[in-house]
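Notes for the one structure printed next.
Below, chains carry the letters A, B, ... as their sequence lines are ordered, and counting in each starts from 1.
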Protein chains: 2
Amino acid sequence: MDTRAPAAESPWLPFESRRRARDEKREAVLRTAVQLFLEQGYHRATLNEVAERLNITKPALYNYFRGKDEILFECWAMGLELVETSTAAINAAGGSGLDKLRKMARAYGGLMATDFGASLVRFDVRDLGAKHRDIVLAGKKSIDRTFRGYITEGIADGSITPCDPKMTAFMIAGSLNWIGHWYKRDGTMTPEAIGETFAMQLTDGLAVRPPRKPRTTKQHTKR
Amino acid sequence: MDTRAPAAESPWLPFESRRRARDEKREAVLRTAVQLFLEQGYHRATLNEVAERLNITKPALYNYFRGKDEILFECWAMGLELVETSTAAINAAGGSGLDKLRKMARAYGGLMATDFGASLVRFDVRDLGAKHRDIVLAGKKSIDRTFRGYITEGIADGSITPCDPKMTAFMIAGSLNWIGHWYKRDGTMTPEAIGETFAMQLTDGLAVRPPRKPRTTKQHTKR
DNA sequence: ACTTTTTATTACCCGTGGGTAATATACGGG
DNA sequence: CCCGTATATTACCCACGGGTAATAAAAAGT
């Protein structure tokens, strides 16, 4: 009667044979939800459709989450966790401030091309309850501090030219965050490649620097 | 009976003396709406509250707009118009690709600190009807083309070091777009100052360049 | 095999908010 | 002064979707 193929990879096979572990299912809900939220936007996405994609019905979701906003929060939590893992590795590896900043740009930029990574910038904290919102805001603040930290560190150790760490962090994080808004899987560039490109260009600059003798700045005579 | 002070500057004085021109009112609706949309997010903001802030009632809004989504669209239209005005001025002024890119960064960055400017990046095109959505997407595409154009121009005229214009445009526009997400009026920096800072740093780079003789890249021996 | 617990289903509630119909009030012109 | 038009108001509709209660079916325990 219903000949639709089952959604990609749901632990709930269309009928019966449901015996996987609880955590696996919870995670599956999350994966499906984050996808739908990104696809349609949090408010347009309905729990009914999340459930449908998993071959279950809406109330079943309430076995794993207290409500829609908790699912949203968990998406954020996943993203934050990924970032923390990255920063931990970077801090452990050591190096100059510039080194760390570049590694961070690469890692963070790559994350922005993943579902849970994009969650960090595509969703709205105002959709969360006060409690969860505070947690997320703290996480975001921590990320910001990390960026600023690497920059001040870099200025101190001479690997980065003096600048306002706050503004520069906003600038770099902003351009990386934006990846979460435009990146589509169909693109030719892999997330890592994008992260790499951004990391280099953000820290390398654009303007041509006159190698030594700056020829009088305006010599673009012919048109 | 109702002793509340009338909202800031509404053409509708609490009772009577409503005779201002239609366009003025339409614009007032727009200004109030965009503020509320930014404050609370499009979906949480209600037309009832928009109306309330203007000392009128919801159905009165329908004298000026066909629906909520049309109001949203007009916010976008305002923002797009502002950008177009800027680019027109920049193109008229001429200069090298780098010059134009810097001017654009300054102008666009400043716009991101305004309500209608922020509309361009804080709202979701998926909230629009197909027709309006297409218009907005076309506008965004045009902005992207402008950035890319200045970059390719700059590469051609030698003011910008060779790079992938697409990626670089994403990078610069991204960091500027992000201003629309974090800028708050209470900050110490004026929008123009931010635009200026970003314009310079984005095009100047961060990494210390060894003035001439690069001393063997790793000399951060002590700690 | 029986009971208990977990997990799912069906059926429903109901708050919210965009949108509309019917109506009233003000304004401008003849 | 009266009428037509523009603009506002009150009162309402109703679709949508998050959330819940009651119940059934399956797993797990003994």
_Can you tell me how the ring of A:Y108 sits relative to the ring of A:F147, calling it parallel under 30°, perpendicular over 60° and tilted otherwise?_
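Perpendicular: the ring planes of A:Y108 and A:F147 meet at over 60°.
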*So A:F73 and A:H132, would you call those rings parallel, tilted or perpendicular, with 30° and 60° as cut-offs?*
parallel
*Tell me which residues in residues 37-48 of chain A put a heavy atom below 4.0 Å from DNA chain D, sorted by number, or none.*
A:A45, A:T46, A:L47
*Measure from the side chain of A:K68, starting at C-beta and using heavy atoms only, and say which of D:dA8, D:dG19, C:dA8 lies closest.*
D:dG19
*Could you tell me which residues satisfy salt bridge (charged side-chain N to carboxylate O under 4.0 Å, His left out) with A:D124, sequence neighbours excluded, listed by chain and number?*
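Applying salt bridge (charged side-chain N to carboxylate O under 4.0 Å, His left out) to A:D124 gives A:R126, B:R44.
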_salt bridge (charged side-chain N to carboxylate O under 4.0 Å, His left out) partners of B:R185, counting only residues at least two apart_ =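 Expected list: B:D115.
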*Is the NZ or CZ atom of A:R148 positioned over A:F170's six-membered ring, under 6.0 angstrom from the centre and within 45° of the axis?*
yes
Protein-nucleotide distance ([X], atom [atom1]; [N], atom [atom2]), rounded to Å:
X: A:L54; N: C:dA8; atom1: CG; atom2: C1'; result: 13 Å
X: A:K25; N: C:dT6; atom1: NZ; atom2: P; result: 13 Å
X: B:I56; N: C:dT25; atom1: CD1; atom2: C1'; result: 15 Å
X: A:D23; N: C:dT7; atom1: CG; atom2: P; result: 10 Å
X: A:F65; N: D:dG19; atom1: CZ; atom2: P; result: 13 Å
X: A:I71; N: D:dG19; atom1: CD1; atom2: C1'; result: 12 Å
X: B:E52; N: C:dG18; atom1: CD; atom2: P; result: 13 Å
X: B:N55; N: D:dA8; atom1: CG; atom2: P; result: 12 Å

Under 4.0 Å from OP1 or OP2 of [N]: is there any side-chain N or O of [X] that close?
X: B:Y62; N: C:dT20; result: no
X: B:R22; N: D:dA6; result: no
X: A:N63; N: C:dT6; result: no

*Taking only residues two or more places apart in sequence, or in another chain, which ones meet B:S142 in a side-chain hydrogen bond (donor to acceptor under 3.5 Å, both in side chains)?*
none
*Can you name the residues that form a side-chain hydrogen bond (donor to acceptor under 3.5 Å, both in side chains) with A:E192, not counting sequence neighbours?*
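For A:E192, the residues satisfying side-chain hydrogen bond (donor to acceptor under 3.5 Å, both in side chains) (neighbours in sequence not counted) are A:T190.
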Polar pairs (N or O, both sides) under 3.5 Å between protein and nucleotides 11-14 of chain C?
none

_I need the A:Y42 OH to A:F123 CZ distance, nearest 0.5 Å._
9.5 Å
*By nearest nucleotide on DNA chain C, pick out whichever of A:T57 and B:R66 is the more 5' one.*
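Its nearest nucleotide being more 5', the pick is A:T57.
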_Given B:M104, B:R106, B:R102, the one that forms side chain to side chain contact (heavy atoms under 4.5 Å, CB included) with B:I90_ = B:M104
